[in-house]
Each structure stands twice: as structure tokens, then as C-alpha cells.
Amino acid sequence: MLLTDLVAPSAIIPALKVNGKKQILQELAAKAAELCGQGERTILEILQQREKLGSTGVGSGIAIPHGKLPKLTKLFGLFARLERPIDFEALDGQPVDLVFLLLAPEGAGADHLKALARIARLLRDQDVAKKLRASRDAQAIYSVLALPPASAA
């Protein structure tokens, strides 16, 4: 699975201006609602509920907020590069500047977990993260997300 199977070029925000974690989740929920046809409020509530269980800030400046939506028909991803890193209560205490939102249908089960693992693997690759941080437009970011997994290289 390539990340471009989850993210369309229109689902990339190359320089998101936010002041905190709450605002990131609100902005991502609004953009996701616009693109996947689900309710913004529903998406935001699901993301906030997930964050209450523990931060989805996985370390190294990366966050992968995610949740399951009852009416969604397929996995949906959205990527944002933040204009400046912000505190996301990440596991390693580092501020976050790369955020990959993943929404899954309620019955997605293993597909949801496989997608989360794939996202984490790619974003934790230091070369990939460096390229994403250096990319200034959606097309450049999309090209980086289209890279095959390192194990396939």
C-alpha cells in the first residue's frame, strides 16, 4: 500500500498555520469533511476522543491523529506540514510539524491498522521526513508520499 492510495493531491496542506493541538484537529476536521463528505463536527469529536486516550504524536515531530467513522466507505488520509512546529503532547515531548490524519470506516479493522503502520513507517524514515519538511507545495509533498516503502527498494 502506498500512502498515495490514501491521500489525494487535494488532501495535502503544504503550510498549515496553527497555534496549538486543538486548532490542528479543527483545521484537519474541516478539510477532511470538505473532501470526504462527512460531518466536520463528527470528525472532530472522533479525533478528540482518540487524543483523550493518549496523544497521537508518535515522536520525531510526527503526529498521526486517526479515528473510525460509521458512514465512511473507504480509508481516507490527509497530510499537513505545519508552518511552525507546535506542542502536540507527543510521546517524546518534541513539537510536531508533520501531521497525517487517517480516517477509516468503522468495520475497517486490519486495513486501518496496516495503514497506520505504513504511515508511521514512512514518516519515521529520516530521509522522507527531511524531504517532507523541505517541500513547499502540495505536488512536491505528494511525490514524497508516493515513495514505495524502503523495504521494497
Side-chain angles (χ1 to χ4, degrees), residues 1-18 21-51 55-58 60-86 88 90 96-153:
M1 169 199 302
L2 295 177
L3 292 192
T4 46
D5 296 337
L6 302 172
V7 178
S10 60
I12 291 173
I13 307 168
L16 183 61
K17 289 180 187 149
V18 287
K21 181 176 180 175
K22 184 177 179 187
Q23 191 182 4
I24 288 177
L25 296 176
Q26 289 169 332
E27 295 286 338
L28 294 181
K31 183 74 172 170
E34 181 188 308
L35 295 171
C36 74
Q38 301 293 311
E40 180 180 338
R41 189 183 191 113
T42 306
I43 294 171
L44 182 60
E45 284 171 5
I46 282 169
L47 295 176
Q48 288 171 331
Q49 284 171 359
R50 173 57 190 85
E51 289 301 321
S55 177
T56 55
V58 296
S60 304
I62 298 159
I64 311 173
H66 57 277
K68 292 185 177 180
L69 290 170
K71 294 181 187 147
L72 204 61
T73 55
K74 65 184 180 83
L75 289 170
F76 171 83
L78 190 145
F79 179 83
R81 188 181 65 74
L82 305 185
E83 200 161 80
R84 63 182 180 80
I86 60 117
F88 205 87
V96 161
D97 64 343
L98 301 177
V99 183
F100 197 111
L101 168 75
L102 178 67
L103 298 175
E106 227 162 29
D111 287 344
H112 178 226
L113 295 175
K114 279 184 202 154
L116 277 174
R118 172 77 185 96
I119 293 163
R121 223 178 3 260
L122 185 76
L123 296 184
R124 279 200 188 121
D125 179 312
Q126 289 184 338
D127 290 339
V128 171
K130 196 183 287 183
K131 287 176 186 164
L132 289 170
R133 288 182 172 106
S135 300
R136 294 289 173 247
D137 62 67
Q139 194 52 53
I141 290 171
Y142 188 77
S143 311
V144 176
L145 294 176
L147 294 171
S151 58

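Everything quoted here is computed from the prediction, not taken from an experiment.
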*Asks:* Carefully, step by step, assess F79 and L123 under the rule side chain to side chain contact (heavy atoms under 4.5 Å, CB included).
*Replies:* CA-CA 11 Å; F79 179 83; L123 296 184; 4.3 Å; yes
*Asks:* Mind listing the closest non-hydrogen atom pair of I86 and V18 along with its distance?
*Replies:* CG2-O, 3.9 Å
*Asks:* Say you draw a straight line from CG of L69 to OG1 of T42; how long is it, rounded to the nearest 0.5 Å?
*Replies:* 7.5 Å
*Asks:* Side chains of L75 and P105: closer than 4.5 Å at any heavy-atom pair?
*Replies:* yes
*Asks:* Would you call T56 and F88 a side-chain contact if the rule is heavy atoms closer than 4.5 Å?
*Replies:* yes
*Asks:* As a test of understanding, state which of I62, L25, L16, L28 forms a side chain to side chain contact (heavy atoms under 4.5 Å, CB included) with V99.
*Replies:* L28
*Asks:* What verdict does the side chain to side chain contact (heavy atoms under 4.5 Å, CB included) test give for R124 and V58, after you've listed the backbone C-alpha separation in whole Å, the side-chain angles of each residue and the deciding distance to 0.1 Å?
*Replies:* CA-CA 9 Å; R124 279 200 188 121; V58 296; 3.7 Å; yes
*Asks:* Nearest 0.5 Å please: distance from the CD atom of E27 over to the CG atom of L44.
*Replies:* 10.5 Å
*Asks:* Got a second to check how far S55's OG is from R50's CZ, nearest 0.5 Å?
*Replies:* 8.0 Å
*Asks:* Looking at E45 and R41, does any basic side-chain N land under 4.0 Å from a carboxylate oxygen?
*Replies:* yes
*Asks:* State the NZ-CD1 distance between K114 and I119, to the nearest 0.5 angstrom.
*Replies:* 14.0 Å
*Asks:* Taking the side chain as every heavy atom from C-beta outward, state whether P65 and E51 have any atom pair closer than 4.5 Å.
*Replies:* yes
*Asks:* For E83 and A15, work out which heavy atoms get closest and say how close.
*Replies:* OE2-CB, 3.9 Å
*Asks:* Say you draw a straight line from CG of L78 to CD1 of I13; how long is it, rounded to the nearest 0.5 Å?
*Replies:* 5.0 Å
*Asks:* I need the minimum non-hydrogen distance between L101 and A32, along with the two atoms involved.
*Replies:* CD2-CB, 3.7 Å
*Asks:* Ignoring hydrogens, what is the shortest heavy-atom contact between A33 and G39? Give both atom names and the distance.
*Replies:* CB-C, 4.1 Å
*Asks:* Given D97, which of R133, K17, R81 fulfils the salt bridge (charged side-chain N to carboxylate O under 4.0 Å, His left out) condition?
*Replies:* R133
*Asks:* Working to the nearest 0.5 Å, report the span between SG of C36 and CG of L72.
*Replies:* 5.5 Å
*Asks:* Side chains of R118 and L3: does their closest heavy-atom pair fall under 4.5 Å?
*Replies:* yes
*Asks:* Can you name the closest pair of heavy atoms from S135 and V144 and give their distance?
*Replies:* OG-CG2, 4.0 Å
*Asks:* Do you know which two heavy atoms are closest between A63 and V96, and how far apart they sit?
*Replies:* CB-CG1, 3.7 Å
*Asks:* Would you say the side chain of Q38 lies within less than 4.5 Å of the side chain of L103, judging by non-hydrogen atoms?
*Replies:* no
*Asks:* Is there side-chain contact between I12 and L145, with heavy atoms separated by less than 4.5 Å?
*Replies:* yes
